[in-house]
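When reading the values below, keep in mind they use all heavy atoms of this one structure, side chains included, and skip hydrogens, waters and symmetry mates. Just so you know, ligand 1 is whichever comes first in the structure, and atom 1 is the first atom listed for that ligand.
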Amino acid sequence: MKIAVLGSINLDIVASGAPLPRAGETVSGARLDQHPGGKGANQAYAARRLGADTEMYGRVGRDPFAEPALDLLKRGGTNLAHVLIDDEHPTGVALIAVSPEGENQITVCSGANAAVAAPQRIEAGALICQLEVPIETVADAFDAFDGFAVANLAPAAAVPDRLMARADLLVVNETEMEFYGESLFWSPALIAVTLGARGAELWRQGERIAAATPPQVEVVDTTGAGDVFVAALTVALMEQQSPQDALRFACAAGALATTRPGAQPAAPTRAEVEAMLGGHS
Ligand code: RIB
């Protein structure tokens, strides 16, 4: 099963362990780390960890951040032949603060991600996109794609009708759900709504067709858990798992991702997800 991901590639610069600052406030005592990130790259890496053959479409700058941003994708075996080097824009960077409770605040400096263009053709069983690259690029990529088209509508932004009409699966969290409102349910797509620690639901044309709660875990860092959920749900649906089983698989993968720091470094393996499901009734 080949899954293509068109989307953002960032270097995440993470300050963790101090309370999240309010506007105008300075907090101190945080620890500094850097990890590969970006919703697109996170989803490609997570899908690969769950057993898919993956390829990434995106852009990085010609700068020292590009290599660390691509490090785990490269080491994990994702095909990077379609990751272009942009001479005019820097590699995307996300500045992330993580509280002692594992909640986060993220500011993204898009850099080269804002210059990603749609390739003429993508050959894969599924294509996953998010909204950290230009929305018209996502709509164009979907128009030129024949397989299962997945749009993670994050971060929330107005999207053209043609994108909603072409998508086979739309994934939103509760905040994004509020932004899109009823308009989501006009789409013929399967809609996945993530509800944090309460799990997730699958809807089709206004009817709830599946719901799952994740196993309880000790949360360390929620960054990237939604990306793991998107990847896992796509992998499971491509394997022809039932909507209920696929949702359960994705919830378990997302929950596991919150138990470790970072976005990509926290993505679970297939064996870890299956072990968790085996022990959870
Ligand atoms: O979804 C988490 C991701 O959002 C981070 O890795 C960061 O890079 C931002 O894109």
Visitor: Mind checking salt bridge (charged side-chain N to carboxylate O under 4.0 Å, His left out) for Arg75 and listing every partner two or more places apart, or none if nothing turns up?
Guide: Asp71

Visitor: With ILVMFWY side chains joined below 4.5 Å, transitively, what does Val27's cluster contain besides itself?
Guide: none

Visitor: Between CZ of Phe249 and CD of Glu274, what distance do you get to the nearest 0.5 Å?
Guide: 6.0 Å

Visitor: Return the minimal non-hydrogen interatomic distance between Pro215 and Ala255, and the atom names on each side.
Guide: O-CB, 4.0 Å

Visitor: List, by chain and then residue number, the residues other than Val14 in its hydrophobic cluster (Ile/Leu/Val/Met/Phe/Trp/Tyr, side-chain heavy atoms under 4.5 Å); write none if there are no others.
Guide: Ile96, Val98, Ile106, Val108

Visitor: Please tabulate protein-ligand N/O pairs under 3.5 Å for ligand 1, atom names and distances to 0.1 Å.
Guide:
residue, atom, partner, partner atom, Å
ligand 1, 1 (O), Lys39, NZ, 2.9
ligand 1, 1 (O), Asp227, OD2, 2.7
ligand 1, 4 (O), Lys39, NZ, 3.3
ligand 1, 6 (O), Asp12, OD1, 3.4
ligand 1, 6 (O), Asp12, OD2, 2.6
ligand 1, 6 (O), Gly38, N, 3.1
ligand 1, 6 (O), Asn42, ND2, 3.0
ligand 1, 8 (O), Asn10, ND2, 3.0
ligand 1, 8 (O), Asp12, OD1, 2.6
ligand 1, 8 (O), Gly38, N, 2.9
ligand 1, 10 (O), Asn10, ND2, 3.1
ligand 1, 10 (O), Glu132, OE1, 2.9
ligand 1, 10 (O), Glu132, OE2, 2.8

Visitor: Regarding Thr223 and Asp221, do their side chains bring together a donor and an acceptor under 3.5 Å, going by distance alone?
Guide: yes

